[in-house]
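Have a look at the structure below, then the notes.
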Amino acid sequence: MSILLKRTLWLMSCLAALIICVVFLPVSRSAAWAGAVAAGLVAAIAWWRTGRAAQALRHAPLGEQLVAALPDAGYRLPVVLTLGEGAEALFSGEPVRETAQGCYILIPQPDQLAHYSEMLLAIRPGWSTQLSALLVLQPEQHHDHPVLAAQLREFRFQVQRCAQHSGHALPAMLACLLQGATSPWFSMEAAEPGVRVWDEQQQGTSLSRWVANADDSEKATRLAQGVMLSSQIAWLREQILPQFSGTEQASAPLHLHAMAMSWQPEVAAVPRNLWQQWLQQRTTLRAQATDAASRHGRLPDFLLAQLPVRRGYSPPQRAAVYALALVTLFSVIALACSSWNNHRLLRAIASDVARYRAIAMTNTAIKVPALNQLQNDARLLEKFQRNGAPLHLALGLYPGEQLYPPVMAEIRGYVPPAKPAVKEAPRLVRLDSMSLFEVGKSTLKTGSTKVLVDALMDVKAKPGWMVLVTGHTDSTGDTRANQQLSLARAAAVRDWMIATSDIPETCFAIQGYGATRPVATNTTSAGRAANRRVEISLVPNAAACQPAARQSDLSLSSPSGDKNP
């Protein structure tokens with residue numbers, strides 16, 4: 001995919017994660033924002049890494065030259081990543097070589113194959129189904145078999161990584177070059193048995209027909225090449241192919257799509273190389289040598305026509321599939337979180353209702369807080385009903401219609417306990433005896449009316465209350481005389497109030513205490529003056545104080561009463 005498509009998918013992924021964390025995920029706000037920050041960091045890192053591969057290709061060996069030589073993005077022929085010994089000779093100093101069958105790209109080092117494929121796909125994302133790998137092998141360049149085996153295993157590992165980058169299995173091919181007089185290309189394909197011979201016109205024929213069609217001057221040469229080819233195939237099967245198919249390695253087995261073999265005069269050889277040693281041990285043949293001048297190497301171009309046609313998905317189609325999968329995953333997670341949030345709301349309100357029901361109505365100290373919690377729940381549900389359920393509860397899963405009625409039924413069914421009757425305390429009105437009576441007398445003075453009127457106003461302010469009038473004296477004089485004087489003074493005040501108001505006589509009671517209940521000391525004149533008093537106590541006792549029935553009412557209520565003329 002292109003950098004733009006990759007970055008778009010990454011941004012969609014991080015935006016979806018941000019919405020899930022902040023809106024739907026049933027976690028605390030701090031944890032939600034921590035997840036949002038993490039999603040933002042991932043988006044920034046992905047944005048940077050996505051563009052880094054394309055920039056890295058320009059800074060790689062031959063990078064600028066390679067980018068300039070690449071075909072345009074609409075190129076649809078096979079693209080072969082070529083590496084191995086002598087691969088540079090096939091390119092004549094150029095990083096890219098185009099033929100009628102496809103495009104060859106030179107990879108400087110075998111361990112850079114996957115890295116170059118990743119960088120190449122960052123610039124040409126549409127080539128993901130066109131890539132293949134070609135390993136150029138020159139057996140006469142090796143004299144150490146463990147080193148050769150390590151290189152082959154590295155190629156196997158790099159091809160697997162290329163497949164991961166491109167999203168498609170990468171066809172791998174092997175081109176084996178030997179030193180000798182120029183020969184045609186010989187090939188063995190995984191899908192077809194036998195050996196085929198390819199001429200300059202890219203026309204293939206079987207090995208037996210190729211030998212049979214030779215004239216007398218060429219027949220011996222072709223027979224010798226056929227014998228040498230059989231030895232070469234045996235060496236490849238014994239020394240090379242097991243390195244690709246062995247199961248002792250961590251990477252998956254690599255099945256070569258095709259192998260091509262050829263003798264070319266420009267191939268160099270080292271003394272006592274692996275090929276010569278194997279050939280001398282098993283046959284009487286000798287490796288061919290030539291002094292021909294080096295010339296432009298021949299590529300196994302015929303193999304490209306045999307590559308499988310892999311249609312696959314185009315980068316925009318793959319991006320659309322990824323986007324659809326991302327939207328589906330986001331929807332599933334959002335629905336799951338919304339379901340869990342609604343379950344938590346349902347469980348919380350059901351718990352509040354169950355707790356409220358378990359408390360007796362008489363236990364006001366606990367019942368009222370539980371009622372307040374139900375009222376808070378009802379206000380919350382009313383808010384959601386009025387403004388719509390919030391997004392973390394929505395998506396068609398909000399159970400508000402089922403929650404609201406039972407909550408309101410419990411609230412309406414609340415019966416507050418009866419308030420206890422407040423018992424009012426008696427009210428006391430204290431009158432100074434000296435302002436009401438002469439010394440030693442129980443007859444009201446002429447100027448006492450104002451004081452008595454004020455006291456009467458206080459009494460009438462509490463209708464139906466019991467009026468207790470008590471008289472008090474100082475300790476001067478005879479005790480019995482003081483008691484009688486205090487009682488007479490109380491009676492005088494009572495009689496005045498009965499005569500002056502419409503308060504029934506039954507509402508009054510009098511008592512004389514003499515000097516038995518002083519409010520101050522009797523040793524001083526001021527104390528004795530305070531003790532000479534009349535107190536009016538108003539007692540809340542409506543049952544004891546009822547207005548007297550009028551005679552007319554008694555007459556009307558008696559159905560058999562006699563009428564006097």
Tell me, do [X] and [Y] make a side-chain contact under 4.5 Å, heavy atoms counted?
X	Y	value
D352	N376	no
T182	Q264	no
E98	P71	yes
V159	L135	no
I333	C337	yes
L403	L346	yes
Q158	H115	no
L254	Q160	no

Over 60° means perpendicular and under 30° means parallel, so classify the ring planes of W185 and F302, tilted if in between. tilted

Ring geometry between Y356 and Y414 (parallel below 30°, tilted from 30 to 60°, perpendicular above 60°): tilted

I'd like to know if the side chain of [X] and the backbone of [Y] have a donor-acceptor N/O pair within less than 3.5 Å.
X	Y	answer
H257	Q306	yes
Q101	D301	no
N273	V270	yes
W127	Y75	yes
S338	A334	no
K367	M361	no
S339	L335	no

Q402, CD: over 12 other non-hydrogen atoms inside 6.0 angstrom: yes

One pair to check against side chain to side chain contact (heavy atoms under 4.5 Å, CB included): H142 and L137. What are the steps and the verdict? CA-CA 10 Å; H142 296 275; L137 178 63; 4.1 Å; yes

Quick one, C103 with L77, criterion side chain to side chain contact (heavy atoms under 4.5 Å, CB included). Give me CA distance, side-chain angles, the key distance, then yes/no. CA-CA 7 Å; C103 172; L77 293 178; over 6 Å; no

Going from OG1 on T82 to CD1 on I107, what distance comes out if it is rounded to the nearest 0.5 angstrom? 7.5 Å

Could you go through L148 and I240, starting from their C-alpha distance and side-chain angles, then the distance that decides it, and tell me whether this counts as side chain to side chain contact (heavy atoms under 4.5 Å, CB included)? CA-CA 9 Å; L148 175 60; I240 303 301; 3.9 Å; yes

So which atom in [X] and which in [Y] form the shortest heavy-atom distance, rounded to 0.1 Å?
X	Y	answer
L236	M261	CD1-SD, 3.7 Å
F244	L152	CE2-O, 3.5 Å
W263	S183	N-OG, 2.9 Å
A378	V407	CB-CG1, 4.0 Å
A268	E140	O-CB, 4.1 Å
Y398	N342	CA-OD1, 3.2 Å

Single hit among E154, R153, R156 for side-chain hydrogen bond (donor to acceptor under 3.5 Å, both in side chains) with Q243: R153

